[in-house]
Trainee: 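I am attaching a structure below and will ask some questions about it afterwards.
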2 protein chains.
Amino acid sequence: MKNPPPMPNKAATLHDVAREAGVSAITASRALSNPGVVSDATIERVRNAVAKTGYIPNLLAGGLKSKRSMTVAGLVPVISVPQFLPTIRSLTETLDAQGYQLILGQSGYDHSREEKLLNTMISRRPDGIVITGLVHSRAARQQLQRLGIPIVEMWDLSDRPVDMMVGFSHLKVGSAIAGYFLAKGWQRLGIATGDDHRAMMRHDGFCAAVGHPVATAIVPAPSSLEMGRKAMADLLAQDPKLQAVYCSSDGFAQGVVIEAQSRGLRVPQDVAVCGFGDADFAAHLRPSLTTVQVDGAEIGRRAAQLIVDRCAGRAIEHPVVDLGFRIVERESTGA
Amino acid sequence: MKNPPPMPNKAATLHDVAREAGVSAITASRALSNPGVVSDATIERVRNAVAKTGYIPNLLAGGLKSKRSMTVAGLVPVISVPQFLPTIRSLTETLDAQGYQLILGQSGYDHSREEKLLNTMISRRPDGIVITGLVHSRAARQQLQRLGIPIVEMWDLSDRPVDMMVGFSHLKVGSAIAGYFLAKGWQRLGIATGDDHRAMMRHDGFCAAVGHPVATAIVPAPSSLEMGRKAMADLLAQDPKLQAVYCSSDGFAQGVVIEAQSRGLRVPQDVAVCGFGDADFAAHLRPSLTTVQVDGAEIGRRAAQLIVDRCAGRAIEHPVVDLGFRIVERESTGA
DNA sequence: CTGTTAGCGCTTTCAG
DNA sequence: CTGAAAGCGCTAACAG
């Protein structure tokens, strides 16, 4: 049975455990973190001592000496953007499964804050850093490279990674959607997009592929259903005979659909709508929403694995991973 | 004399800064973290030395000695539940503004995992802990109290807090919605709810206030739009003449509305629907969604402030904060 | 397999 | 206002 521990005024340290087990501190340490090199009998005694003292390791102290904090910094624009949630979740879980803790930071959509946040993160000495989007500032790139720890830029692709990358081409997404619209014979097109870098790359790809001017509504990121309604009102003012609209997120697209419907327009018969991200609700709306599927969870898993592998000293065969994307055709474009 | 370090192999430490500035390490430390007690001239020289060396403090080392890690652990069931996003965001931002970093952990909806996660978190020696929901396990309660750091349980209320609390009564939410439905003269009621503790408390409050059996669909948390459609199909099978349905989240409610509409039922004329949470999209759907507004962002702010105040040694006047809630009447219940 | 020694980088004493 | 000494709790490096 368990006796109530004699009121540990101080949290138990490894020394307390060692004394209790009748071994030295380093042996206790090894018994817990590297049991292979310690005799079974000793492990057993140390384990008992841990239970008795209620010892919980101090990772700050361990990290100071071993230079491994077992943390990974994650930078996202804003935590509450649904887009990145599956990624954050799989990052958290994949890292957790290997003993690492994700430390999340919000960089905002403002690039100047990014550098400040980076410093805050670095001061916790993470073993790796995962960044949403590309690192543009020269100063930040150099600083990251100097750190000598694994860095993953995710949710985008470029030909000069700071270190590693997991993402896809936003330019190609934009032109793929334009191609899809044009193949349907739609000429009067519209685009409703957030103003962040990645959404604007899709915008650029879209416009380049269309080749003629399209109705455009640009809203400050992150976009929302509410802004979708306003954006659609705006687009219809620019071209009342709009045939198809691409939107930079699914929630945004939902607002566009609702605004169209509230004006008596039928989707897709009068106007077709395509979103981006394949949110969990997209398939279950009425009409179900055509969108671009990107495997956000896989991005997180791969990013985490790259970091962990590099930390373990394993060689990385493919430091730049293109996960691609796929247009999922549903009712909102007449599927 | 040596030339400027072109390639710092090692990250600069406070000693490097001190040497560069021609002062002792402790003075450099004070110049950076407690400038009030250092002469302006010295501060200036230390600042320059920091810039020159590219010094970034090591908070692990500082925390080890000072016993203040400047981190706060946050436990949420699942990061990707939209419900808690405003809270996580305001927690992050409020803490950040005061120099603290939120360390997020997913406890899942499984109570057994909670204790394990707690240990992981404690091993990083946070200065405070914020937990979503109540801590039920006796072992966990005792362990938390032993730690001697500020603890906030949030998003719920009880009469025996581990330490501090910021939330509202789910039981009251449930009975308020039931009262609202009954006042409208609706008798044939339904409830679609997730199976987590808080949602079930609302369920209990709802049922107790109604006083007679209601059609019920319980789904595993977290609920989704997709599950809302299924739940509504289920409820209509139980009672095809349902007059009003309460749903445990707004996304869930949206699925209920869509399923009703897809069967030719008009909302609210044939069946009224009420959600929970007042998500950003609720006001902009068609019909706009009646729901229960809870100030999730304020919960986060208050929780963060309680932790920070306690860390600063300030007395807490009200360790238990009831933020209440409010039914927002919209079109989906005939407003 | 186990122990000794020596710090990791910083901040808390306690003195000037 | 500034400094010297003394660790925080843990683990790398080297003995045995």
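By convention in this document, chain letters (A, B, ...) are assigned in the order of the sequence lines, proteins followed by strands, and residues within each chain are numbered from 1.
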Trainee: Can you tell if the side chain of B/Leu323 reaches within under 4.5 Å of the side chain of B/Val166, non-hydrogen atoms only?
Mentor: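 B/Leu323 vs B/Val166: side chains touch.
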
Trainee: Which whole-number value in Å describes the distance from A/Leu59 CG to D/dC10 C1'?
Mentor: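 Computing the A/Leu59:CG to D/dC10:C1' distance gives 10 Å.
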
Trainee: CG of B/Asn58 versus C1' of C/dC8: gap in Å, rounded?
Mentor: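 Roughly 8 Å, once rounded to whole Å.
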
Trainee: Roughly, in whole Å, what's the span from CG in B/Asn34 to C1' in C/dT11?
Mentor: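 Interatomic distance, CG of B/Asn34 to C1' of C/dT11: 11 Å.
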
Trainee: Using the ring of each side chain (for Trp, its six-membered ring), is A/His136 parallel, tilted or perpendicular to A/His111, with breaks at 30° and 60°?
Mentor: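 Ring orientation, 0 to 90° scale: parallel.
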
Trainee: Between the opening five pairs and the closing five pairs of the helix from C/dC1-D/dG16 to C/dG16-D/dC1, how far apart are the helix axes, to 10°?
Mentor: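 For the helix from C/dC1-D/dG16 to C/dG16-D/dC1, the axes at either end differ by 30°.
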
Trainee: Taking the minimum atom-to-atom distance to the side chain of B/Thr42, which one of D/dT2, D/dT11, C/dC10 wins?
Mentor: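 So the nucleotide nearest the side chain must be D/dT2.
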
Trainee: Around B/Arg141, counting heavy atoms of other residues, nucleotides and ligands shown, do more than 12 lie under 6.0 Å from its CZ?
Mentor: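 For B/Arg141, atom CZ is crowded (more than 12 foreign heavy atoms under 6.0 Å).
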
Trainee: Measure from CE on A/Met70 to P on D/dC10 and round the result to the nearest Å.
Mentor: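 Rounded to the whole Å, the gap is 16 Å.
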
Trainee: It should be established whether A/Ser29 places a side-chain nitrogen or oxygen under 4.0 Å from OP1 or OP2 of nucleotide D/dT11.
Mentor: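 It does, given that an N or O in the side chain of A/Ser29 lies less than 4.0 Å from OP1 or OP2 of D/dT11.
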
Trainee: Under 3.5 Å, which N/O atoms of the protein pair with N/O atoms of nucleotides 3-6 of chain C?
Mentor:
unit_1: C/dG3; atom_1: OP2; unit_2: A/Ser24; atom_2: N; d: 3.0
unit_1: C/dG3; atom_1: OP2; unit_2: A/Ser24; atom_2: OG; d: 3.1
unit_1: C/dG3; atom_1: OP2; unit_2: A/Thr27; atom_2: OG1; d: 2.7
unit_1: C/dG3; atom_1: N7; unit_2: A/Arg30; atom_2: NH2; d: 2.7
unit_1: C/dG3; atom_1: O6; unit_2: A/Arg30; atom_2: NH1; d: 3.2
unit_1: C/dG3; atom_1: O6; unit_2: A/Arg30; atom_2: NH2; d: 3.1

Trainee: Check every strand shown and say whether B/Val38 touches a base, only sugar-phosphate, or nothing at a heavy-atom separation below 4.0 Å.
Mentor: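 Sugar-phosphate, no base atom in range.
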
Trainee: More than 12 non-hydrogen atoms from neighbouring residues, nucleotides or ligands closer than 6.0 Å to CG on A/Asn34, yes or no?
Mentor: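 Atom CG in A/Asn34 is packed in, count exceeds 12.
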
Trainee: Between B/Asp40 and A/Arg68, which is nearer to the 5' end of DNA chain D once each is assigned its nearest nucleotide?
Mentor: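 Its nearest nucleotide lies further toward 5', so the answer is B/Asp40.
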
Trainee: Considering only heavy atoms from C-beta outward, does the side chain of A/Thr92 approach that of B/Ile79 to under 4.5 Å?
Mentor: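 A side-chain contact exists here, since the closest heavy-atom pair is under 4.5 Å.
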
Trainee: Around atom CZ of B/Arg113, are there more than 12 heavy atoms from other residues, nucleotides or ligands closer than 6.0 Å?
Mentor: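 Yes.
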
Trainee: Quick one about A/Ser137 and A/Glu114 (side-chain donor to acceptor, distance below 3.5 Å, no hydrogens or angles considered), yes or no?
Mentor: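 The answer is no; no qualifying pair exists.
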
Trainee: When you match A/Lys67 and A/Ser39 each to their closest nucleotide on DNA chain C, which lands nearer the 5' end?
Mentor: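 Of the two residues, A/Ser39 wins.
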
Trainee: What residue pairs, at least two apart or across chains, pass side-chain hydrogen bond (donor to acceptor under 3.5 Å, both in side chains) with a residue in residues 302-322 of chain B?
Mentor: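 Those involving residues 302-322 of chain B are B/Gln98-B/Gln305, B/Asp163-B/Arg310, B/Glu298-B/Arg302, B/Gln305-B/Asp309, B/Asp309-B/Arg314.
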
Trainee: So if I apply the side-chain contact (heavy atoms from CB on, under 4.5 Å) rule between B/Ile88 and each of B/Val76, B/Thr132, B/Val81, which one comes out positive?
Mentor: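 The option that passes is B/Val76.
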
Trainee: Round to a whole Å and report the spacing from CG of B/Leu32 to P of D/dT2.
Mentor: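 It works out to 13 Å between those atoms.
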
Trainee: Roughly, in whole Å, what's the span from CD in B/Glu44 to P in D/dC1?
Mentor: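 Distance, rounded to whole Å: 16 Å.
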
Trainee: Between atom CG in B/Leu14 and atom C1' in C/dG9, what is the gap in whole Å?
Mentor: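 Rounding to the nearest Å, CG of B/Leu14 and C1' of C/dG9 are 8 Å apart.
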
Trainee: Mind calculating the distance between CG (A/Leu60) and P (D/dC8) to the nearest angstrom?
Mentor: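 A/Leu60 atom CG is separated from D/dC8 atom P by 15 Å.
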
